[in-house]
Every structure is written in structure tokens, then in C-alpha cells.
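Below: one structure, written as C-alpha cells.
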Amino acid sequence: MILHVTHNDLDGAGCGVLIKKYLDVADTVYLNYDEIDNYLIKNYNNFNKIIITDLSPTIETAKFLTNYVELFFIDHHKTSEGLSKLIDSYHDISKSATLLTLMWLKEIGCDVEDYREFAECVNDYDMWHLKREDSLTMNMYFSLVGIDRFVKRFLENPSTKFDKYEKMLLEIEEESKSKYLDNALKNLTFFEDVEGRKFAVIFAERYNSELGHHIINNTEAQYAVIINAQKKKISLRSQNDIDVSKIAVNNGGGGHKNAAGFSTDFDFCLKTFLTNCGVLP
């Protein structure tokens with residue numbers, strides 16, 4: 001019985017579509033970077049094979065699991081290069097996990113051509129090439145409908161062309177996004193980090209990648225720190241010459257040189273804030 005574990009973003013969902021379409025998996029679970037180790041340790045003994053995409057456990061967890069279950073992972077993050085040399089993997093930092101999954105499925109004999117456009121579209125967004133007009137729209141659709149509806153839609157129809165109802169929803173969402181990004185620029189706080197680099201901080205819960213690049217392209221910030229207080233998630237986006245993955249890794253997260261993230265459990269100094277408000281003693 002196979003378990004599929006993947007990231008809870010567009011690229012991870014793209015892997016979910018492909019794995020569900022072509023393999024007989026018992027379950028697909030969508031997780032964040034900091035959730036995978038605990039989940040695997042608690043659930044590995046219910047399965048005889050685990051496929052991990054767009055995420056990776058720690059080397060210690062992976063070594064432990066290989067004593068009990070067949071483990072295979074497909075990933076493109078630089079932070080998992082060390083792991084790829086120790087366990088069975090399909091690893092390439094130049095392509096998204098969705099495109100790598102498509103390539104791997106083809107190598108093992110699956111006829112994946114119906115999903116090539118889909119995988120190329122996800123790859124264009126996730127690797128931030130943005131050479132296709134529809135890749136930003138694909139991520140907007142993912143954000144709008146959520147993982148489950150997104151996966152169901154593309155399992156039923158691999159076309160990257162949206163129907164008239166989907167287009168109407170996306171048009172409304174595009175207007176909302178434009179206003180959101182422009183308003184966000186009015187609420188930035190700027191700092192200088194320990195290396196003398198200027199960065200901007202903002203609390204936001206939507207369009208993290210687009211917002212990060214909007215900040216970098218329209219302000220003097222060299223990188224952006226986007227705090228999602230509800231999900232306790234920190235997203236980092238940077239100019240080409242700034243490696244924010246080091247910040248993410250140092251805080252238990254992961255990602256790429258210019259797009260990374262981590263979770264936090266310090267509640268953003270909530271007690272101090274409430275004390276200053278006179279609510280707590």
C-alpha cells in the first residue's frame with residue numbers, strides 16, 4: 001500500500017494530480033515543510049511504500065524510515081541535495097517537482113502526454129520563469145478553489161484552458177489581487193539586516209509569491225518577509241543576488257535561493273502585545 005506525501009502549494013498539488021492519475025496510492029497528504037517528519041514517524045507503519053514530492057524529511061528521519069518502509073522522493077530544493085545522495089530519489093533543482101514527477105512517471109512507463117502542458121504550466125510558475133501567460137492564472141485558480149477542488153478539476157480535465165465560468169471567477173479574483181498588492185505597498189515596514197541588506201516586512205495572508213515580487217520590484221527592499229499570522233508561516237522572496245533560503249533553513253524551513261519559508265511557534269509576541277494593550281496583567 002502506497003502513501004503519497006506532498007507539499008501544500010501549487011507545485012505539491014500538481015504532483016498530487018499526477019501521482020493520483022497514474023499510480024494506485026492509498027492516500028495523498030498535503031503538508032508544510034515543518035510537518036513532514038512528525039507525520040511520517042506517526043504513520044509510516046501503515047504503508048509498505050512512501051512517495052514524497054516537493055518536500056523532504058530530515059536525513060535522520062529518512063534513515064530511520066528506510067529500516068521499515070520503501071522510501072522514494074522527488075524534489076527540486078537545494079536544501080535536499082544531501083538527502084538525494086542517501087536514499088532513492090529523483091532530484092533536480094532546475095525543474096519543479098511537478099515536472100520532475102511527470103518525467104519520472106514517463107520513465108517508469110506511464111503515458112503522461114495528456115498532462116505535459118499542465119506540468120509545464122506549473123513549472124513556469126513554480127520556477128518563476130513566467131514565460132507563459134497562463135501560469136500566474138493557474139496559481140490564482142489554485143488559491144481560489146483550494147487543494148481538493150484543484151486536484152479534482154485537473155484529474156477530470158488536464159487542460160490548462162479554463163471554461164467561461166472559471167474565467168469569470170478568475171477575472172473577479174484578478175481585480176481583487178491588483179487592489180490587494182497595491183494596498184500592501186502602503187503598509188510595509190523597512191529594516192536593515194545584520195549584513196546591511198534592506199528588507200521589507202508585511203503581515204499578509206494571500207498571494208505570497210506575487211506580493212513578494214511586487215514589493216521587490218516596486219520598492220528599495222532587497223528581500224521581503226511576509227508574515228502570515230493566522231497560519232504562523234513566514235514567506236521570503238528576494239532579488240536574484242540574495243539567498244533567503246539560508247534564513248529559512250536556519251529557522252527549520254526550506255525552499256529556494258529566492259523563494260523560501262518557514263513556520264514559527266512564538267505567536268508573534270502575542271502575550272507582550274496583549275499586555276501592552278492593558279488586557280493581560
Find the distance between [atom1] ([X]) and [atom2] ([Y]) and round it off to the nearest 0.5 Å.
X: Ile172; Y: Met168; atom1: CD1; atom2: CE; result: 5.5 Å
X: Glu173; Y: Leu169; atom1: CD; atom2: CG; result: 8.5 Å
X: Asp11; Y: Thr101; atom1: CG; atom2: OG1; result: 7.5 Å

### Query
Does Lys106 have any salt bridge (Lys or Arg N to Asp or Glu O under 4.0 Å) partners at least two apart in sequence or in another chain, and if so, which?
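Checked Lys106 against salt bridge (Lys or Arg N to Asp or Glu O under 4.0 Å); matches are Glu113.
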Can you see whether [X] engages [Y] through a side-chain donor-acceptor pair at a distance of less than 3.5 angstrom?
X: Trp128; Y: His256; value: no
X: Asn157; Y: Ser159; value: no
X: Arg206; Y: Ser143; value: no
X: Ser96; Y: Asp126; value: no
X: Tyr115; Y: Glu120; value: no
X: Glu107; Y: Tyr90; value: yes

### Message
Is it the case that the ring center of Phe64 lies less than 6.0 angstrom away from the ring center of Tyr44?
### Response
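So the answer is yes for these two rings.
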### Message
Parallel, tilted or perpendicular, judged at 30° and 60°: which one describes the rings of Tyr33 and His77?
### Response
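Judged by the thresholds at 30° and 60°, the geometry between Tyr33 and His77 is perpendicular.
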### Message
Check the orientation of Phe150 and Tyr141. Use parallel for under 30°, tilted for 30 to 60°, and perpendicular for over 60°.
### Response
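Because their plane-to-plane angle lies in the 30° to 60° range, the rings of Phe150 and Tyr141 count as tilted.
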### Query
When clusters are formed from ILVMFWY side-chain contacts under 4.5 Å, directly or step by step, what else is grouped with Tyr165?
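When side chains under 4.5 Å apart are linked, Tyr165 ends up in no cluster with other residues.
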### Contacts of type side-chain hydrogen bond (donor to acceptor under 3.5 Å, both in side chains), residue Tyr30, not counting sequence neighbours
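Per chain and number, Tyr30 pairs via side-chain hydrogen bond (donor to acceptor under 3.5 Å, both in side chains) with no residue.
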#### Entry: Side chain to side chain, Phe262 and Ile247, heavy atoms closer than 4.5 Å
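Touching, per the 4.5 Å side-chain cut-off.
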### Task
Output every pair passing side-chain hydrogen bond (donor to acceptor under 3.5 Å, both in side chains) with a member in residues 188-197, not counting sequence neighbours, ordered by first then second residue.
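The answer is Asp193-Arg197, Asp193-Tyr223.
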### Query
Pick one: which of Leu40, Asn43, Thr28 meets side-chain contact (heavy atoms from CB on, under 4.5 Å) with Val5?
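Single side-chain contact (heavy atoms from CB on, under 4.5 Å) partner of Val5 among Leu40, Asn43, Thr28: Leu40.
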Report, one line per pair, each donor and acceptor closer than 3.5 Å where one atom sits in a side chain of residues 46-63; sequence neighbours left out.
residue: Asn48; atom: OD1; partner: Met1; partner atom: N; Å: 2.7
residue: Thr53; atom: OG1; partner: His4; partner atom: NE2; Å: 2.8
residue: Thr53; atom: OG1; partner: Thr6; partner atom: OG1; Å: 2.7
residue: Asp54; atom: OD1; partner: His76; partner atom: NE2; Å: 3.0
residue: Asp54; atom: OD2; partner: His7; partner atom: ND1; Å: 3.3
residue: Asp54; atom: OD2; partner: Gly12; partner atom: N; Å: 3.4
residue: Thr58; atom: OG1; partner: Asp37; partner atom: OD2; Å: 2.7
residue: Thr58; atom: OG1; partner: Thr61; partner atom: N; Å: 3.2
residue: Thr58; atom: OG1; partner: Thr61; partner atom: OG1; Å: 2.9
residue: Thr61; atom: OG1; partner: Asp37; partner atom: OD2; Å: 2.3

#### Entry: Test: Lys198 cationic atom under 6.0 Å from Phe190 six-membered ring centre, within 45° of axis
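That pair qualifies as a cation-pi contact.
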Give the table of side-chain donor-acceptor pairs shorter than 3.5 Å for residues 18-25, with sequence neighbours excluded, one pair per line with atom names and distance.
residue: Lys21; atom: NZ; partner: Leu155; partner atom: O; Å: 3.2
residue: Tyr22; atom: OH; partner: Asp111; partner atom: O; Å: 3.3

